[in-house]
Student: 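I have a structure I would like to understand better, so I am pasting it below and will then ask my questions one at a time.
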Amino acid sequence: QVQLVESGGGLVQAGGSLRLSCAVSDNSFSINAMGWDRQAPGKQRELVAGITSGGSTHYADSVKGRFTISRDNAKNTVTLQMNSLKPEDPAVYSCAADRYLPRLRDGLADYWGPGTQVTVSS
């Protein structure tokens with residue numbers, strides 16, 4: 001069984017910062033890639049950021065230079081630090097996990113968290 005527990009999210013002002021965290025219980029020892037996906041009304045789903053257990057990362061072009069993803073393998077936790085938030089960033093953000101990072105990129109992750117709302121005021 002693989003369980004994902006999310007924390008963070010909320011309302012922030014444009015230009016502000018927010019941090020999302022996801023704790024993963026991987027009893028199958030099959031998780032290599034973790035990341036954060038987002039979905040907003042009228043917009044396509046996209047992988048905001050992803051990271052492998054080896055430290056390889058992927059970022060959507062829209063968040064490069066503003067968001068940073070990190071992973072603490074000892075604590076089984078992945079964190080997304082979001083800085084300089086823009087009006088385009090509000091969405092439901094969901095933690096995702098899979099063996100392969102490309103599957104996260106394509107929205108095909110085997111495991112998903114329930115999602116947390118991020119709202120930006122302007």
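The figures here come from the full heavy-atom set of this structure, side chains too, leaving out hydrogens, waters and symmetry mates.
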Student: Is there a side-chain contact between H58 and L47, using heavy atoms and a 4.5 Å cut-off?
Tutor: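 Yes; the side chains approach each other to less than 4.5 Å.
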
Student: For the residue pair D37 and Q39, confirm or rule out a side-chain donor-acceptor distance under 3.5 Å.
Tutor: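 On atom types as modelled, these side chains do not qualify, holding no pair under 3.5 Å.
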
Student: If you measure from OH on Y93 to CE on M82, what distance do you get to the nearest 0.5 Å?
Tutor: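 Between Y93 OH and M82 CE, I get 5.5 Å after rounding to 0.5 Å.
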
Student: Do S17 and N83 pair up side chain to side chain, a donor and an acceptor below 3.5 Å, judged on atom types alone?
Tutor: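 A pair is found: one side chain offers a donor N or O, the other an acceptor, under 3.5 Å apart.
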
Student: Tell me whether Y100 at atom OH has more than 12 heavy atoms from other residues, nucleotides or ligands lying less than 6.0 Å away.
Tutor: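 Result for OH/Y100: open.
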
Student: Quick check against the 3.5 Å criterion: does D98 have a side-chain atom that pairs as donor or acceptor with the backbone of D110?
Tutor: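 Confirmed, D98 side chain pairs with D110 backbone.
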
Student: Between atom CH2 of W112 and atom SG of C95, what is the distance when rounded to the nearest 0.5 Å?
Tutor: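 Spacing of CH2 (W112) from SG (C95) equals 9.5 Å.
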
Student: side-chain contact (heavy atoms from CB on, under 4.5 Å), that's the test. Do L80 and V48 meet it? Break it down for me.
Tutor: CA-CA 9 Å; L80 181 67; V48 177; 4.3 Å; yes

Student: How far apart are the closest heavy atoms of A109 and A97, and which atoms are they?
Tutor: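 A109 and A97 have their closest heavy atoms at CB-O, 3.6 Å.
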
Student: Determine whether Y111 and I31 satisfy the following criterion, side-chain contact (heavy atoms from CB on, under 4.5 Å), listing intermediate values before the conclusion.
Tutor: CA-CA 9 Å; Y111 308 99; I31 301 301; 3.6 Å; yes

Student: Look only at the side chain of Y59 and the backbone of I69, and say whether a donor-acceptor pair between them is shorter than 3.5 Å.
Tutor: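 Pair found, side chain donor or acceptor close to backbone of I69.
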
Student: Would you say that E6 contacts S21 through its side chain, given a criterion of any heavy-atom pair below 4.5 Å between the two side chains?
Tutor: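 No. Closest side-chain heavy atoms not under 4.5 Å.
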
Student: Strictly by salt bridge (charged side-chain N to carboxylate O under 4.0 Å, His left out), give each pair with a member in residues 67-76 just once, sequence neighbours left out.
Tutor: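 Matches after skipping sequence neighbours: none remain.
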
Student: Heavy atoms only: give me the nearest R38-A91 pair and the separation to one decimal.
Tutor: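 Answer, listing the atom of R38 first, then A91: CB-CB, 4.0 Å.
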
Student: Could you pull out the closest heavy-atom pair between Q117 and V92, with the gap in Å?
Tutor: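 Taking every non-hydrogen atom into account, OE1-CG2, 3.3 Å.
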
Student: Over all heavy atoms of both residues, which pair between S62 and E46 is shortest? Give the atoms and the distance, please.
Tutor: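 The answer is OG-OE2, 3.8 Å.
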
Student: Would the distance check show the side chain of D89 and the main-chain N or O of K86 forming a donor-acceptor pair, the cut-off being under 3.5 Å?
Tutor: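 Looks like yes, one N/O pair under 3.5 Å.
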
Student: Measuring from atom CG of L18 to atom OG1 of T119, what distance do you get when rounded to the nearest 0.5 angstrom?
Tutor: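 Taking CG in L18 and OG1 in T119, the distance rounds to 9.5 Å.
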
Student: Less than 4.5 Å apart, side chain to side chain, heavy atoms only: is that true for W36 and C22?
Tutor: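 Sidechains of C22 and W36: in contact.
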
Student: Rounded to the nearest 0.5 Å, how far does OG of S121 lie from CD of Q13?
Tutor: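 That separation rounds to 5.0 Å.
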
Student: Do S25 and N76 pass the side-chain contact (heavy atoms from CB on, under 4.5 Å) test, and can you show the C-alpha distance, the side-chain angles, and the key distance before you say yes or no?
Tutor: CA-CA 7 Å; S25 176; N76 296 322; over 6 Å; no

Student: If two hydrophobic side chains count as joined below 4.5 Å and joins carry through other members, does V24 share a cluster with L101?
Tutor: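 V24 and L101: separate clusters.
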
Student: Check whether more than 12 heavy atoms from other residues, nucleotides or ligands sit under 6.0 Å from atom CZ of R19, and answer yes or no.
Tutor: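 12 or below, so no.
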
Student: Starting at CG of L20, measure out to OG1 of T79 and round the result to the nearest 0.5 Å.
Tutor: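 Rounded to the nearest 0.5 Å, the CG-OG1 separation comes to 9.0 Å.
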
Student: Are F67 and V120 connected, step by step, through hydrophobic side chains (Ile, Leu, Val, Met, Phe, Trp, Tyr) whose heavy atoms are closer than 4.5 Å?
Tutor: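 Shared cluster, yes.
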
Student: Considering residues, nucleotides and ligands other than E88, do more than 12 of their heavy atoms fall under 6.0 Å from its CD?
Tutor: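 More than 12 within 6.0 Å, yes.
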
Student: Carefully, step by step, assess D61 and K64 under the rule salt bridge (charged side-chain N to carboxylate O under 4.0 Å, His left out).
Tutor: CA-CA 5 Å; D61 289 340; K64 287 182 178 179; 3.2 Å; yes

